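If you're wondering where the values come from, they're calculated on a predicted model, not measured in any experiment. Chain A is the first sequence line, chain B the second, and so forth, proteins listed ahead of strands; every chain is numbered from 1.
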Amino acid sequence: MKDDSRLRIATFNINGVRTRLPVLKAWLDVTRPDVVCLQELKCTTTQFPVEAVREAGYEALVVGEKRWNGVAILARGAAPLEIRRGLPGDPADLQSRYVEAAVRGIVVGCLYLPNGNPQPGPKFDYKLVWFERLLAHAAGLLKSGHPVVLAGDYNVVPTDADIYSPKSWQNNALLQPAPRAAYQKLLKQGWTDALHEQFPDKPAFTFWDYFRNHWPRDAGLRIDHLLLSPKLATRMKAAGVDKAVRGLEGASDHAPAWVEVED
DNA sequence: ATGCCCATTGCAAATGGA
């Protein structure tokens, strides 16, 4: 349970919100984050379990899609005030990967960056183009001067220290030089990587895939990130990963990550 | 180079995800 003078903002790739509703509810009940960014809903906007989330104390802003992707912002005790749905820069892009809202005086961007596998190929190209659009939009957000958090599944392992074994993933889209360079370019705009700030020497993993006994072996990756604008970064008090959630029955392959800022 | 796991579709084993 968190300190009441702090605001906790979390991000969680739920990997199917209907299938994993018990996991989501259990986590919300125990940790009570104030703001939650969800990715990979894998349901349409109307299929989202609005009532179950409301019973847990949250109002939701949902941008769904029939089979894949889908993002949502939950706010405890109040409705997130929608700023935009979808990332600007390509009206033809219909994938539900970005939603932005104002919550408790903070601009919250919830994103699900394309995975990009297999690479090379069209999916990898889409990842890089999407990243460029994110860079452009993020620059605008910084320029606004508002306190902003950009939270979500970036599908980028920032450095070789952010994975149990870079060698076995060297050809994976998550470790390629181009998306890594794009992530560094994003940080250079002036964003603070909250988890990196909290754990500079021993990164906290946020993802353990279902293959090869990765979870029991703690063979994880850090790909879920919370980036804070300068104004919000000065208010940061703590950050962490709710690792135990990855071990629950019917778990997502991600664990929730969070940051706490002065309210 | 491939499968591993997982959920879905549709009711078995193939598909697609990342």
Side-chain angles (χ1 to χ4, degrees), chain A residues 11-27 37-49 52 63-72 87 93-98 110-131 134 151-160 162-180 182-183 203 205-225 241 243-257:
Chain A
T11 180
F12 188 12
N13 181 321
I14 192 72
N15 189 18
V17 70
R18 290 173 296 172
T19 310
R20 307 196 196 285
L21 192 55
V23 170
L24 176 62
K25 283 168 71 178
W27 170 65
C37 296
L38 293 177
Q39 303 87 33
E40 278 209 84
L41 303 177
K42 295 185 175 176
C43 69
T44 64
T45 301
T46 50
Q47 286 170 332
F48 186 88
V63 180
E65 197 181 316
K66 193 176 179 185
R67 294 185 70 189
W68 315 115
N69 312 317
V71 287
L87 198 56
D93 181 7
L94 298 177
Q95 299 191 25
S96 297
R97 295 181 174 277
Y98 189 82
C110 170
L111 65 107
Y112 177 44
L113 207 135
N115 171 285
N117 279 304
Q119 73 82 28
K123 290 187 176 181
F124 189 68
D125 296 341
Y126 174 60
K127 176 179 196 164
L128 297 181
V129 170
W130 204 95
F131 221 140
L134 179 64
D153 179 356
Y154 282 72
N155 270 315
V156 176
V157 175
T159 71
D160 283 353
D162 296 298
I163 181 169
Y164 70 101
S165 162
K167 212 177 107 191
S168 52
W169 290 69
Q170 61 181 345
N171 293 321
N172 193 285
L174 309 192
L175 278 76
Q176 294 314 298
R180 280 183 161 179
Y183 188 74
F205 299 145
T206 65
F207 168 77
W208 299 257
D209 77 11
Y210 296 121
F211 298 157
R212 308 179 199 92
N213 234 17
H214 276 157
W215 166 245
R217 289 167 45 212
D218 193 25
L221 291 70
R222 188 171 80 92
I223 59 174
D224 299 274
H225 310 304
V241 175
K243 193 173 173 181
V245 175
R246 180 61 181 81
L248 296 177
E249 180 89 26
S252 166
D253 40 8
H254 295 250

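B/dC11 and B/dT15: their C1' atoms are spaced 15 Å apart (whole Å). Distance noted for atom P between B/dA13 and B/dA1: 30 Å (whole Å). B/dG10 sits 13 Å from B/dG16 when the P atoms are compared, rounded to a whole Å. Separation of the C1' atoms belonging to B/dA18 and B/dA12 is 25 Å when rounded to the nearest angstrom.
For A/R222, the salt bridge (Lys or Arg N to Asp or Glu O under 4.0 Å) partners are A/D162, A/D193, not counting sequence neighbours. Residues passing the salt bridge (Lys or Arg N to Asp or Glu O under 4.0 Å) test with A/D93, sequence neighbours excluded: A/R133. Annotation: salt bridge (Lys or Arg N to Asp or Glu O under 4.0 Å) contacts of A/R246 (sequence neighbours excluded): none. With sequence neighbours excluded, the residues satisfying ring-ring contact (aromatic ring centres under 6.0 Å, His included) with A/H225 are A/Y154, A/Y183. Applying the ring-ring contact (aromatic ring centres under 6.0 Å, His included) test to A/F131 and every residue at least two apart in sequence or in another chain returns nothing.
A salt bridge links A/K243 with A/D218: the closest approach of a Lys/Arg side-chain nitrogen to an acidic carboxylate oxygen falls below 4.0 angstrom.
Distance CZ (A/R217) to P (B/dC4): 16 Å, rounded to an integer number of Å. Following rounding to the nearest Å, A/N172 (CG) and B/dA1 (P) show an atom-to-atom distance of 14 Å.
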Under 4.0 Å protein heavy-atom contact, by nucleotide of nucleotides 6-18 of chain B - B base, S sugar-phosphate only: SSS-------SSB
